[in-house]
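Everything on this sheet refers to the single structure shown next.
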Amino acid sequence: MSLLNPLLAIGASALLIPLLIHIFNRSRFRTVEWGAMHLLESVISQNRRRFRVDQLILLLIRCLIPAMLAVCLARPVLTGGGLLGDAPVALVVVLDNSYSMEAADPGGTRFTAAVESACRVIGELPRGSQVAVVLTGGRPTPLFETPLADLQTVTRRLRQQQAGLGASDMPGSLELAADLLEAMPAVRRQILVLSDYQPADWNSLAGGPAAALQKRLQNSDIPTQLLLLAGTPPRPDARPDNITVESLQLPQQPIGVGQEFSIQARLKSYSSQDLDNVAVSLTLDGQPISTVQTALKSGGTADVLFRCRSEVAGSHVLTVTVAADDLLPADNQRSAAIDLLDTVRVLLIDGDPGSQPLQSETDYLAVALTPWTFGRVPLTDLLQTQVVPPAQLTEAALQSARVVVLANVPKLTDPQTEWLTAWVKGGGSLLIAAGNRMDIEWHRTKLWNDGAGLLPAAWGELRGAGETAQTAAAPPTATGPRTARIVSQRSEHPALAFFNDPANGDLSTAEIRRWHVLTAATVSDSQPGTATAAVLDSGDPLLLERRLGDGVVLQLATAVDADWSDLPLRPFYVPLMQQLVATLAVQIQPPRNLSAGTAAVALFTPPAAATAAGATTPATPPATTDTPTATDHSQLPAVTLADPLGTRSTLASRVQGRWLAAETTATQRPGIYLMTLPDGRPAHFAAQTDAAESDLLLLDPLQQKNVAQQLGASLVTSVQDYLEADRRQRHGTEIWPWVLSGLLLMMCLEVVLQQRFAGVTA
Amino acid sequence: MSSAPNVLSAGDVSRLSGLQLLAKQVVEGFASGLHRSPHKGFSVEFREHRPYVPGDDLRTIDWKLFGKTDRLYIREYEEETNVRCTLLVDCSGSMNYRGSRSDGLSKHDYAVHTAACLSWLMLQQQDSVGLVTFDTAIRRYIPPRARPRHLKHIMTELAAQKPGAETSLADVFHQIASRIQRRGLLMILSDLFGDVDHLMKALAHFRHARHEVIIFQIWDPDELDFPFRQWTQFTSLENAAQKHLVDPAQLRKAYLQKLQEYRDQLSRGCSRNRITLVPLVTSQPTADALAAWLAIRRRVQ
C-alpha cells in the first residue's frame, strides 16, 4: 500500500492529542472533601475494573479518529505489486478493416465502433506513449510509416479510415504488430486487437500460428501484453442475414460496340430464410439496364443471366445489385469492368490481288471480318479492314493497325520487314497465312531466320492434293493424305474456345486440301512462347502461335481463301476469323478485372505530340532533370487515378514496347478504380475481393475465449472495463472512501459508547 | 438576645414568630404550655361548653351561661402541657461538607441554624428545649429547660461545635436513649450517613421509649445530584486516608441509583417506625423550609 499525499500522513500524529487531553485531564483534578463516601465507595469498588476498560476503549477510539482522518487525507492506495504509474506505453492497434466490418450494428457500423474504442483507449494513454496502427484488411499494412507519439494525429487519421477491404490476414497482422513493437522503446508494450472475429479470418490462427506468436511475445525482453477487445456477440443460433453477389462472369471474348453480350451473376444467401422475389438489377455505367426477380433459398445460391449491349466504345463498368436490406450493404453489389472495343483496324496485306470479286486472297477474309459493312446493315462492325498490296505497306499504315494479316505474301522489302518486326515486338499482332505465291526461300531466310525472325515455324513441305486450276504451280505430293480436317478438340486458346460449344460450329467439317507442314522438328525447338492452337487430323499443326516481345504472331498452315481449303465456305468461317482477329487485337491488354491487391496496368498509345517529341531529339535540353534518363520521362504524360473512395492521385507512365503503360498496385480496396488516360479516355478497373467476408457469422464468446487462450492474450469485454483495469493496474485502488466511512463510524461509536459507559450500573 | 451568637437572625425571628411547633403525640407536661392535652383541666384557654351530666365536677359549671340559657353547661379548658424537646445535632465529619450552592454554608452550619430556629420556637411556646451534640459519642448533653435564657446557653453551645471525626449514629443513639429518661420530642438534625439497619434499630429504641422522633435530614445539593464533571479526587471528610481519583461522569448514574436506594430504605424504615423524616437541602433558606414544614404539620394535626 502506498500513500498519494504522504506528507499529510504526518497529521496522524494528531492522535496524540486525545491522549494528551486525557492525561491532562487526569492530572488536573479537583479535590473534593466528600461526605457521602459510603455511597460513592461501593460504586467505585464494584466497577473499578470496568471503568479502566471503558476508559481505555474510549481513549483508543478518540485517538483513532484523528489518525484515520490523517490517513484518509493522505489518500492511501492499494497496489497489486509493482506500480507502473504513468510510464509511457508502446501500443499497436490491430484494426480489422475487412469487408465484414462494414456490417451495421445498432449505432453505426462495426468499424466505427471499433475506431471509437481505439480512440478512447488512445486518449487515455499516458504522455510519451507511442502508437502504431496495423490495418488488417487485404494485406496487413501499417497506417503510419513510423509509430507516432502525437496522439491527436493518430486519432484523427484513425477516424478518417474506412472499412471495406478484403479478408483479414490475422496471423500476418499480428506478426507485423510484433515487428512494429520491437522497434518501439517503452516500458510497457501492448497490442490491442479490434475485430469482429469472423471465423474465416481467425481460424487460420488456430493451432501452430497462435502458439508461435505466443512464444514470440513472451520471449521478448519486455513482456508484451496482447489484448483482444471482444466483439459484439452475434445473434444466437443464427447467422446474421446477409445476401451477397458472389461472383460475376463476363464473356471472355472481346466484345465490340453494338454487340450483345451476357453477364452471369451468382447470388449467395447467408440468410436463415428462403426468399422469393429478390430483385437483381444490372446497371451499365450507372444507367439501369434491366431487373430480374429470382428466388433464393436460405443458404443457397442463385444464378441470374443478364444481356446487355452498348453503342459506346471504351471502358465501361457493369454493376449487378441485389435489392436486399441486410446488415452488410457493401456486398450487395458487385462490379466488373469491361472494355468494349472500338473498331479494330485490321491491315490485310494481300499478296494475290485479283479484280474479280472473291478473287483476291483476302476477299473472303475481308467479308468475314466486316459482315455488316458488306451486308450494308446499319450495325457497326467490330473490325475495320484495309487491304493493301505488299508494295504499299508503309510504316504509317502499320502504326495505325492493330492486326496485320499477311495473306499469301510473296516477299517484303527489308525495311518493310524491319518495320513489321518492330511493330510486332512493340505489341502488334500478326497473322501469317500460307498461299501459292509465297517465296518460300525469302520466308525462310527473312521471316524464319532460324527462329530469330517472326515465324513461329518454318514452312515445311507442302502436303495435300490441293489440285485446283489455280494451284498448278505447286506439285502435288505423292505421299501423304490428300485432304485433312481439323481435329475437333476442346481448345483453351481464346480464339478457338468459342468453338468448344458445338452449337457455335464444328471446325472439323472443313476440308483442307493443301497445307504446309509446320515441321515438328522446328516446333519442338521450343521457341519460348510458341504454342499450337489447332491441329489437323494428319498430325500436322494448323495454327501456331508465338509470342514475340509484346506482340503475337499466328501462323496458319493453309491459305485464308478458298484456294487451298473450303474454310471460307463454311458457316463458322466468319466467327472463326472474327474470333481470331479480335483475340489478336485485345490479347495484349492486361486484365481489367483483378483481385484486390494485384497491379492494375493500363496500356495506351502515346499521344501524338509525345511520339513526335520522343522520335526526334529535343532541340533544347530539358530543364529540371537530374538524371539523364529522366529526359524521356519528363515528356511522358501523366495519368490520373481515382480509387473507390474518390481519392485522386497521379501516376507516371512508362514506356512499354510501343505503348505507354500506367500501373498502380494500390488496389487493396475492392471497388472500381478509374484511370483517366492522357487523351481523356477512361479505363476502369474492378478490384474484387474474397466473398468469404460476406459470411457474417462471428465467433461466439466461448470461441473468442479459446482463441485468446491459444494466443496467451487477455480478452477484454469492453473498453470501459479495460480502462478501469488498466487504471487499477497503473495506479491501484484508492481506499480512502473506506477509511472515511470507518472514521465516521468511529465518531458515532465514540458518542454512543460514552453514553453507554456513563450508564454503568451500581 | 444581643449576646447570643449570630446563629439566629432577625429575619428568622420574624419568619417564625407566628408559628408554633406542636407535638403530634400526646406529651404530658405539668407546666402550662401551648399544647393541647386531652386532660381537661383548669387552664387559661377556653375550649368548649359541654352539657352537664350528673357526676361532673360542680366547679366547672359555667353559671353565666346558665343565667342566659337556663341550662347547665360545663366549661372545658385547654389544659396546656409543655413538651420536653431535645435537639440532637450531628457533629460528625460528614456534616462538614460545603457545597457550591449552599451560600457557603456547610451542612453543619445549616443544622446549627435550624437548631437555633427550633430552640427559639420551642422557648417561645414555653416548651423546654435540650441539646445533645454527638459524633461517635455524646459530646455534650444539655437537659431540657424552659427558661428563656436557656436559649443563649444552647446557642453558645451550638456555635462552639466543630464537626469532625467519624459517624456511628446507631451507637450514639442507643447511648442517648439510655441517657434521656422522660419521654419527649426528639428532633435529630443529621445527614444519617451510615448503615441503615443499625440506625433503624436505634430509632426503634427511641420509639420504644415512647419518644416522638422527627428527623431533619440535611442534604447538600451536590450530594443529591452529583454535578461533578472533571476528574475529581474525592477525599473522605471523616477518614482522610480514604481517597478516590475518578471520572465522575462514569459514576454519576450509579451513584444516583445508590442514593435513591438509600433514601428509599431510610424512608421505609422511618415510616415503619412512625418517624417523620424531613429532608432539608442546604440551598433552601432555613426559615422558609422550616416554616413550610410547620404549616403542613399544623394542617395535618
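Just so it is clear: chains get the letters A, B, ... in the order the sequence lines come, proteins before strands, and each one is counted from 1.
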Gap between atom NZ of B:K253 and atom CD of A:Q755 - 0.5 Å precision: 9.0 Å
B:Q257 side, atom CD; A:L39 side, atom CG - distance, nearest 0.5 Å: 12.0 Å
Minimal non-hydrogen separation, A:V43 against B:A254, with atom names: CG1-CB, 3.5 Å
Sequence-distant partners of B:D225, side-chain hydrogen bond (donor to acceptor under 3.5 Å, both in side chains), two or more places apart: B:R101
Flag if over 12 foreign heavy atoms under 6.0 Å of CG, B:D103: no
Taking every non-hydrogen atom, the tightest pair across B:S94 and A:G35: CB-O, 3.9 Å
Pairwise distance CG(B:D247) to CZ(A:R52) - rounded to 0.5 angstrom: 13.5 Å
Flag if over 12 foreign heavy atoms under 6.0 Å of NE2, B:H198: no
When B:R252, B:Q230, B:K107 are compared by non-hydrogen pairs under 4.5 Å with chain A, the top option: B:Q230
Contacting region of B:F193 [heavy-atom separation from chain A under 4.5 Å]: both
Results of side-chain hydrogen bond (donor to acceptor under 3.5 Å, both in side chains) for A:Q720 - residues two or more places apart only: A:R120
Validation row: A:L40, B:L251 side chains within 4.5 angstrom (heavy atoms): yes
Geometric class of the B:F228/A:W34 ring pair [parallel <30°, tilted 30-60°, perpendicular >60°]: perpendicular
Check: A:V32 and B:F234 side chains under 4.5 Å, non-hydrogen atoms: yes
Least distance between heavy atoms, B:Y255 atom then A:A36 atom: OH-CB, 4.1 Å
Residues 215-223 of chain B: residues contacting chain A (heavy atom under 4.5 Å, by number): B:D222, B:E223
Working for ring pair (Phe, Tyr, Trp, His ring centres under 6.0 Å), residues A:F24 and B:W231: CA-CA 10 Å; A:F24 193 60; B:W231 278 76; over 10 Å; no
Atom group of B:L245 that falls short of 4.5 Å from chain A, counting heavy atoms: side chain
Among B:H244, B:K243, B:E238, side-chain contact (heavy atoms from CB on, under 4.5 Å) partner for A:M37: B:H244
Residue pairs involving residues 19-43 of chain A (criterion salt bridge (Lys or Arg N to Asp or Glu O under 4.0 Å); sequence neighbours excluded): none
